[in-house]
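Everything below concerns the one structure shown next.
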Amino acid sequence: LVPNVHVNFTIFLSDPDFATLQTIGNYVFVTGGVSGIVIYRYSQTEFFALDRCCTYKPSERCAILPDTSNTLFLKCPCCHSTFSYLYGNVQSGPADRALTSYNAVFDGNNTLHVYN
C-alpha cells in the first residue's frame with residue numbers, strides 16, 4: 001500500500017505558480033504526499049488532489065504523469081497503468097487500486113486547502 005503521510009497545505013489561485021488552476025480542466029503538480037501531488041480543477045468549485053505515487057508497486061515510488069495519448073488520464077511511466085484525474089480511479093492495469101486522494105476544499109474565491 002501507498003504509505004500514509006501527513007498532508008496539510010493551502011494554495012492561492014492568484015499565485016502565479018497556480019494560475020493555471022483558474023481554468024477548469026487544468027492541473028498542477030506540487031510537492032508533498034509520497035511522490036508529489038497533482039491538483040486538478042474539475043469544475044468552478046470542485047478540485048481533486050491525488051498522490052502521484054502509483055499504487056501498483058508503491059515501494060518503487062513511481063510518480064504518475066499526464067498521459068500524452070489521452071489527456072483525460074494520468075499514466076505511470078513504470079508499469080503503464082492509467083488513472084482518471086477524477087478520484088484517481090484505475091482505467092487500465094496492472095494497478096488495481098485507485099491513487100491516494102486528499103481532501104481539496106475550495107473557498108469559492110481564491111484559496112484551496114489540501115489535507116488528509
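This chain uses plain numbering: 1 for the first residue, then up along the sequence.
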Of all residues at least two apart in sequence or in a different chain, which pass the disulfide bond (SG atoms under 2.5 Å apart) check with C79?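 Result, disulfide bond (SG atoms under 2.5 Å apart) vs C79: none returned.
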Under the side-chain contact (heavy atoms from CB on, under 4.5 Å) test against L50, which residue among L86, I39, L99 passes?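 Running side-chain contact (heavy atoms from CB on, under 4.5 Å) over L86, I39, L99 with L50 returns exactly one hit, L99.
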For the side chain of [X] and the backbone of [Y], is there at least one donor-acceptor N/O pair under 3.5 Å apart?
X: R97; Y: T55; answer: yes
X: N116; Y: V7; answer: yes
X: S43; Y: E46; answer: yes
X: D67; Y: T71; answer: no

Would you mind reporting whether [Y] and [X] have side-chain heavy atoms less than 4.5 Å apart?
X: P3; Y: R61; result: yes
X: L65; Y: K75; result: no
X: Y27; Y: P66; result: yes
X: L13; Y: F47; result: yes
X: P94; Y: S81; result: yes

Could you check whether Y87 and F48 have their ring centres less than 6.0 Å apart?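 Aromatic pair counts; centres sit under 6.0 Å.
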Ring center gap for Y42 and Y85 short of 6.0 angstrom: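 No, the ring centres sit 6.0 Å or more apart.
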Once you round to the nearest 0.5 Å, how far does [atom1] of [X] lie from [atom2] of [Y]?
X: D51; Y: T100; atom1: CG; atom2: OG1; value: 5.5 Å
X: F18; Y: N26; atom1: CZ; atom2: CG; value: 14.0 Å
X: S59; Y: L1; atom1: OG; atom2: CG; value: 11.0 Å
X: T82; Y: L72; atom1: OG1; atom2: CG; value: 10.5 Å
X: T111; Y: I11; atom1: OG1; atom2: CD1; value: 9.5 Å

For [X] versus [Y], what's the shortest heavy-atom pair and its separation?
X: G33; Y: Y102; answer: CA-OH, 3.7 Å
X: P77; Y: A63; answer: CD-O, 3.3 Å
X: S92; Y: H80; answer: OG-O, 4.3 Å

Could you state whether [X] and [Y] fall into the same hydrophobic cluster, counting links through intermediate Ile, Leu, Val, Met, Phe, Trp or Tyr residues with side-chain heavy atoms under 4.5 angstrom apart?
X: V114; Y: V105; result: no
X: V38; Y: L21; result: no
X: F9; Y: V34; result: yes
X: V90; Y: I64; result: yes

Taking the two cysteines C78 and C54, decide whether their SG atoms are closer than 2.5 angstrom.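 Looking at C54 and C78, their sulfur gamma atoms do not lie closer than 2.5 Å, so the answer is no.
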Pairs flagged by side-chain hydrogen bond (donor to acceptor under 3.5 Å, both in side chains) wherever residues 7-22 is involved - sequence neighbours left out: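 Output for this query lists N8-H113, S14-N110.
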Output, in order, the C-alpha distance, side-chain angles, deciding distance and verdict of side-chain contact (heavy atoms from CB on, under 4.5 Å) for R41 and F106. CA-CA 10 Å; R41 185 166 196 163; F106 185 50; 3.8 Å; yes
Distance under 6.0 Å and angle within 45° of ring axis: R52 vs F29: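 R52 over F29 ring: yes.
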